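See structure below.
What you see is a predicted model, and the numbers here were worked out from it, not measured in a lab.
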Amino acid sequence: MKIFDTLSVTEKELDAPASIRIYLCGVTVYDDSHIGHARTIIVFDTLRRFLESQGVRVKLIQNFTDVDDKIINRARTENVSADKISSRYIANYFEGFDSLNVKRADLYPKATEHIAEMISLIQGLVGKGFAYVSANGVYFAVSKFTEYGKLSKKKIDELISGARVEVDDTKKDPLDFALWKFAEDEPGWDSPWGHGRPGWHIECSAMSLKYLGSDFEIHGGGRDLIFPHHENEIAQSESYTGKNFAKIWMHVGMVTINGEKMSKSLGNTKSVDFVLKKWGPNIVRLFCLSGHYSKPIDYSEDLLKETIIKWRQVENCYYELILSDDGAADINDEKIAREAVKETEKEFTEALGSDFNTSLATSAFFKLVKTANQIAASEHLVRSIADIVLPAFEQMLDVLGLSVVRVSPEEKSKINDLINRRNMLRIQKDFHGADAIRKEISDMGIVLIDHKRRTIWMRQEKIGADG
RNA sequence: GGUGAGGUGGCAGAGCGGCUAUGCGUUCGCCUGCAGAGCGAAUCUAUAGGGGUUCGAAUCCCUUCCUCACCUCCA
């Protein structure tokens, strides 16, 4: 498959070897995760699901930054340990992302558990002359890495004139960034240079090199990490190993809220907890995959509401398929179904294989839903046709990480009993009685669909925004 | 100011030299005891403006205008 690489600014072939290594920059655990984090993580989760569906073994590593000024500040404010803060938000992370049907990564390494690796990396850099010790810490000497700026396409002299870099007289160059910061307070660790904490960028270099080695296939994250985070990671890692760090840099666009940047200061962040409660996992995932991953997407109520309608069609389709009954298949319908499945699978796979075009892939999927619903509407959706469509339908749902709410066998037979009673009453023209049963069924979260010959039903996911 | 990404029908969003997706919306139908869901038909030939290149451009080139992101911690 092909993926756009930020570094070379071209689509690069990911020559699908037996296994693909992915390092995804995760979150700093100082607050609840939000929809922006969710988009990046859902994109990579879906990518992983797609690759796996193609028979590729994926090794996915996603870190937690659990040592950072924001965490420490929060710990001070609440008068608890930094560890308490980070573990609280790691728990929050898993609660949210498990609910979003995100498959667990192979490993979630934490910065605090890799201090030794970071120290040895820094030692290596100091030894090779890429880093130096100043009064405040150990710094990476940007001027020593001649390719600095290659990812973010920045020129070193322009960066300097940018003048928005932190003022620190102990640095040799304003652009130099901290690998290790001296600090007497907690949390801190002893190092060959003094007590302190690692800088942010070094953790990802240390952990990705440890678990994936150098020149791994994909390094990913949000677009906002391109500079300085990923730029600095490249500088450190390539200076240390002398080898290429990652083959492809894949960056996910930002989520805006009603066209505005989402930020704490504007107070418009949408937490994962919030969007889950309001829209549920399927709508959120569909929303996050609705545009090309590299472009920004805008969170707006109207768009999300539109997504609910699409999701209802999928639910409807699913229940039409599983509740189809025996009967002779119309030859023509069977042909239509077969061709639709073949067509859709091709489009779906090609779209995802071509720079992971989830927008195109989902529209292909919706075409199959439409076809199935058309056959159902003409009363021709019999078991043998459903059997043609269902495997492809379920497979694509799974790649997209979507999941229709199912019904237990007990509920199923109860529903069928109620439907039979209702249909009896309808024949007797006792519509009051029939409507009362419909109400009873509806209270179970089930919607009835009256066809000419029979009545089927579907379980609709409860969506907060539906009220 | 620098760097990058973009500007496509009422909206969302693909296409990246010829066949102009797809979905939502809107209108009218079908179905139904009613309702919901679904289905059908219609609507919508849109590609920021101006120049080129080409037999042919939303797609390539030039130019103008505009938007967004990043350049500080940030997914």
Check your understanding: When you check the gap from the basic side-chain N to the acidic O, do A:Arg426 and A:Asp450 get nearer than 4.0 Å?
Key -> yes

Exercise for review: Have a look at A:Leu24 and say if it touches a base, only the backbone sugar-phosphate, or nothing, with a 4.0 Å heavy-atom cut-off.
Suggested key: nothing

Review point. Can a side chain N or O of A:Lys295 be found less than 4.0 Å away from OP1 or OP2 on B:A14?
Key: yes

Check your understanding: Would you call A:Arg21 and A:Glu217 a salt bridge, using N to O less than 4.0 angstrom?
Key -> yes

Revision key, fill the gap. Residues of residues 331-355 of chain A with a heavy atom under 4.0 Å from any atom of RNA chain B, listed by number, are none

Study note, to complete from the structure: From the candidates B:U22, B:U32, B:G25, the one with an atom nearest any side-chain atom of A:Lys367 is B:U22

Exercise for review: Respond yes when some side-chain nitrogen or oxygen of A:Lys370 is under 4.0 Å from OP1 or OP2 of B:C24, and no when none is.
Suggested key: no

Exercise for review: Please work out if A:Ser378 contacts a base, only the sugar-phosphate, or nothing of the nucleic acid, heavy-atom cut-off 4.0 Å.
Suggested key: nothing

Review point. Across all strands, who's sitting opposite B:G38 as a Watson-Crick or G-U wobble pair, both distances under 3.5 Å?
Key: B:C30

Check your understanding: A:Gly221 near the nucleic acid: base, sugar-phosphate alone, or nothing, with a heavy-atom cut-off under 4.0 Å?
Key -> sugar-phosphate

Exercise for review: Indicate whether OP1 or OP2 belonging to B:G38 is found under 4.0 Å from a side-chain N or O atom of A:Gln313.
Suggested key: yes

Exercise for review: From the options B:C73, B:A37, B:C24, select the nucleotide whose nearest atom is closest to the side chain of A:Glu306.
Suggested key: B:C24

**Study point:** Residue matched to B:C60 through Watson-Crick or wobble contacts both under 3.5 angstrom
**Key:** B:G52

**Study point:** Backbone of A:Asp176 reached by a side-chain donor or acceptor of A:Lys171 within 3.5 Å
**Key:** yes

**Study point:** Distance between C1' atoms of B:G2 and B:U43 (Å, rounded)
**Key:** 46 Å

Point to revise | From B:G36, B:G40, B:G13, nucleotide with atom closest to A:Ser359 side chain | key: B:G13

Exercise for review: Indicate, with a heavy-atom threshold strictly under 4.0 Å, whether A:Phe366 touches base, sugar-phosphate, or nothing.
Suggested key: nothing

Revision key, fill the gap. Among the nucleotides B:A69, B:G33, B:C24, whichever has the atom closest to the side chain of A:Ala434 is B:G33

Revision key, fill the gap. In Watson-Crick or G-U wobble terms, with both distances under 3.5 Å, the base opposite B:U3 is B:A69

Review point. Salt bridge check: are A:Lys2 and A:Asp355 linked by an N-O gap of less than 4.0 Å?
Key: no

Exercise for review: Considering only atom C1', compute the distance from B:U53 to B:G17 and round it to an integer number of Å.
Suggested key: 11 Å

**Study point:** Phosphate OP1/OP2 of B:G15 contacted by A:Asn357 side-chain N/O (<4.0 Å)
**Key:** yes

Revision key, fill the gap. Re B:U43: Watson-Crick or G-U wobble partner, both distances kept under 3.5 Å, found to be B:G25

Practice item. Check every strand shown and say whether A:Arg312 touches a base, only sugar-phosphate, or nothing at a heavy-atom separation below 4.0 Å. Key: nothing

Check your understanding: Which part of the nucleic acid, if any, lies within contact of A:Gly26, taking any heavy atom under 4.0 Å across all strands shown: a base, the sugar-phosphate backbone alone, or nothing?
Key -> sugar-phosphate

Check your understanding: Which nucleotide in the set B:G38, B:C73, B:A14 lies at the smallest distance from any side-chain heavy atom of A:Asn316?
Key -> B:G38

Revision key, fill the gap. Against the side chain of A:Lys310, the closest entry in B:A75, B:C70, B:G23 is B:G23

**Study point:** Pairwise P distance for B:G15 and B:A21, with rounding to whole Å
**Key:** 14 Å

Point to revise | Passing candidate, ring-ring contact (aromatic ring centres under 6.0 Å, His included) with A:Phe64, options A:Tyr89, A:Tyr30, A:Phe97, A:Phe94 | key: A:Phe94

Point to revise | Gap in Å between the two C1' atoms, one belonging to B:C19 and one to B:G25, rounded | key: 27 Å

Revision key, fill the gap. Here the distance between atom C1' of B:C68 and atom OH of A:Tyr299, to the nearest Å, is 20 Å

Check your understanding: With a non-hydrogen cut-off below 4.0 angstrom, is A:Ile449 in contact with a base, only sugar-phosphate, or nothing?
Key -> base

Check your understanding: Between the base of B:C71 and the side chain of A:Asp224, is there a donor-acceptor distance below 3.5 Å?
Key -> no

Practice item. For the pair A:Asp185 and A:Arg76, find out whether any cationic side-chain nitrogen is under 4.0 Å from an anionic carboxylate oxygen. Key: yes

Check your understanding: Would A:Arg104 and A:Asp98 pass as an ion pair if we require N to O under 4.0 Å?
Key -> yes

Check your understanding: Where does the angle between the aromatic ring planes of A:Phe177 and A:Phe140 fall among parallel (under 30°), tilted (30 to 60°) and perpendicular (over 60°)?
Key -> parallel

